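Step one of this worksheet: look at the structure below.
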Amino acid sequence: MKDRMLIIPGGFVPYNDTVTLLNYKRLRELDLEMDVFALRAKEDEGLAQELKNDECFSHFHISYSYELENVVPRNHPLRLPISFFYMKRYIDDSLKTFEKKDYKYLFTSIVPGISHLCGKKIKKKHTDVIWYASFSDPFKNSPYKKADLKGKSLLYKFIYQVGAFFLYNNAYEEAAVRYADKLIFICEEQRDYTLAQYPDLNHEELMAKSIIMPLTYIPEWKMYQDILTAPEVHNEVRQCVHLGRLYGLRKIDSFLLALKELNEEIKHLEDQIVFHQYSEIQDHDLRKIREYGLDKLFVVHDKVSYDRSIEIMKEADVLLLFDTLMPNDKVQPYLPSKIVEYLLYQKPIIGICDANSPSYRILKEYGYQTIGSEKEKIKENIRFILEDKSSYRHDLSKLNAHNYNMLEL
């Protein structure tokens with residue numbers, strides 16, 4: 001009889017979220033009986049179809065608890081009081097679910113972090129279970145919790161603080177770091193930053209129980225096959241796109257200033273290249289775009305669905321990556337998940353990132369030179385892109401999920 005694992009992930013596929021996909025990729029080929037105790041969220045039709053054709057998905061036996069949006073009021077801060085009730089119920093019910101069967105392994109995920117609180121409660125009562133705690137971002141001393149909210153409305157500040165409390169609470173991370181048997185990180189920088197927040201714990205022991213499982217793709221999924229087989233694009237006016245939120249430490253000040261100066265130096269620059277931003281952008285950035293006269297060069301769009309984002313990237317000549325900028329820190333621990341799709345497309349990439357970040361390291365490893373966050377370097381990179389006619393072809397084996405699909409069970 002196979003060993004059993006209980007997975008307490010918060011949301012789970014076919015709910016389409018960066019972390020749900022990350023968790024599924026990490027677990028899908030384990031030779032175990034896997035039960036999932038999840039929070040219910042809206043299913044993504046495209047993802048549901050991929051899972052329908054993925055025989056690995058049949059190994060997961062999913063039962064649902066409460067609605068995700070009620071337990072984690074990310075977009076509904078006024079549900080804060082009822083969320084406390086549902087959070088406690090989810091934690092208590094997780095223990096009850098665990099005690100219904102004989103589980104050798106337990107898996108929890110940092111988003112939503114209450115998953116790790118479920119793991120802690122189970123581990124403290126059932127010490128023999130082997131607990132794997134999965135991470136995607138650091139929480140303790142997260143720079144994103146120190147955002148400058150000056151000039152924001154009281155309602156915005158309230159919503160932001162509620163989000164920080166529920167999404168980036170130190171207790172979630174500490175529960176896993178202190179009690180889990182194995183800690184799973186997406187990159188070395190994230191691991192090093194997270195473990196450095198716990199000087200009271202034995203660093204060698206923390207390192208020994210840490211596992212690096214990078215961001216990957218599943219080769220047989222149609223959504224990835226469509227990316228891999230996408231033809232080269234050569235628009236008359238080069239289209240450069242960024243899909244994702246611009247907030248907090250994803251600062252674009254130097255980029256906009258570089259674009260302003262290039263616009264003054266190169267006549268009719270908008271006839272050679274246009275930059276597109278999809279999803280959230282801050283008001284002060286919009287003001288600078290207008291002030292610098294960049295409306296035709298830097299076009300802002302609303303957020304789009306995942307399927308549409310894939311089409312937009314497919315139709316683009318150049319992909320733009322705005323990274324988290326922490327230039328004075330030893331380690332920048334954030335790695336945007338879109339870097340996988342960016343590399344799979346094998347297109348030119350402009351990376352606005354610093355040398356202390358995993359994005360910078362990874363892009364360098366794949367041979368990209370058009371990276372950096374200083375104004376003059378950005379200008380140099382854009383000038384290079386304007387003249388670049390290269391075909392980008394690199395080894396994708398490091399991104400193949402089949403190379404990283406087994407945990408150390």
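Quick note: numbers below take in every heavy atom, side chains included, and nothing from hydrogens, waters or symmetry partners. Note that the structure is predicted; figures quoted are calculated from it, not measured.
- Here the closest heavy-atom approach between residue Thr194 and residue Pro138 is recorded as OG1-CB, 3.7 Å.
- The aromatic rings of His242 and Phe322 sit perpendicular to each other, their planes meeting at more than 60°, with 30° as the lower class boundary.
- Listed here is the closest heavy atom pair of Ala38 and Tyr90: CA-OH, 4.0 Å.
- Contact record, Leu319 with Cys240: C-SG, 4.4 Å, taken as the closest heavy-atom pair.
- Here the two rings, on Phe98 and His126, have centers that are under 6.0 Å apart.
- Side-chain rings of Tyr392 and Tyr366 stay apart, their centers remaining 6.0 Å or farther from each other.
- A pairwise comparison of heavy atoms in Ala258 and Lys379 identifies CB-CG, 3.6 Å as the closest pair.
- Checked against a 6.0 Å centroid threshold, the rings of Phe255 and Phe298 count as neighbours.
- Stacking of Arg245 on the aromatic ring of Tyr247 is recorded, both the 6.0 Å distance cut-off and the 45° axial limit being met.
- Of the options Tyr86, Phe37, Phe85, a ring pair (Phe, Tyr, Trp, His ring centres under 6.0 Å) to Tyr66 is made by Tyr86 and by none of the others.
- Glu174 has no carboxylate O lying under 4.0 Å from a charged side-chain N of Lys120, or vice versa, which leaves the two without a salt bridge.
- Cation-pi geometry between Lys260 and Tyr292 is met: the NZ or CZ atom falls under 6.0 Å from the ring centre, inside 45° of the normal.
- A salt bridge does not link Arg308 to Glu311: none of the charged side-chain nitrogens sits closer than 4.0 Å to a carboxylate oxygen.
- In this structure, Lys140 forms a cation-pi arrangement with Tyr198, its terminal cationic atom sitting closer than 6.0 Å to the ring centre and no more than 45° off the ring axis.
- Contact record, Phe57 with Pro14: CZ-CD, 4.4 Å, taken as the closest heavy-atom pair.
- Geometrically, Arg40 engages Tyr64 in a cation-pi contact, judged by NZ or CZ lying under 6.0 Å from the ring centre and within 45° of the ring axis.
- For His301 and His276, the distance between ring centers is under 6.0 angstrom.
- A distance of 6.0 Å or more separates the ring centres of Tyr193 and Tyr334.
- Look at Asp92 and Lys88 and you find a salt bridge, because one of the NZ, NE, NH1 or NH2 atoms lies within 4.0 Å of a carboxylate O, short of that distance.
- By the 4.5 Å heavy-atom criterion applied to side chains, Leu257 and Lys288 are not counted as neighbours.
- Side-chain contact between Tyr105 and Leu6: absent, with no pair of heavy atoms (C-beta onward) separated by less than 4.5 Å.
- Heavy atoms only, all atoms of each residue included: Gly244 and Gln277 are closest at O-NE2, 2.7 Å.
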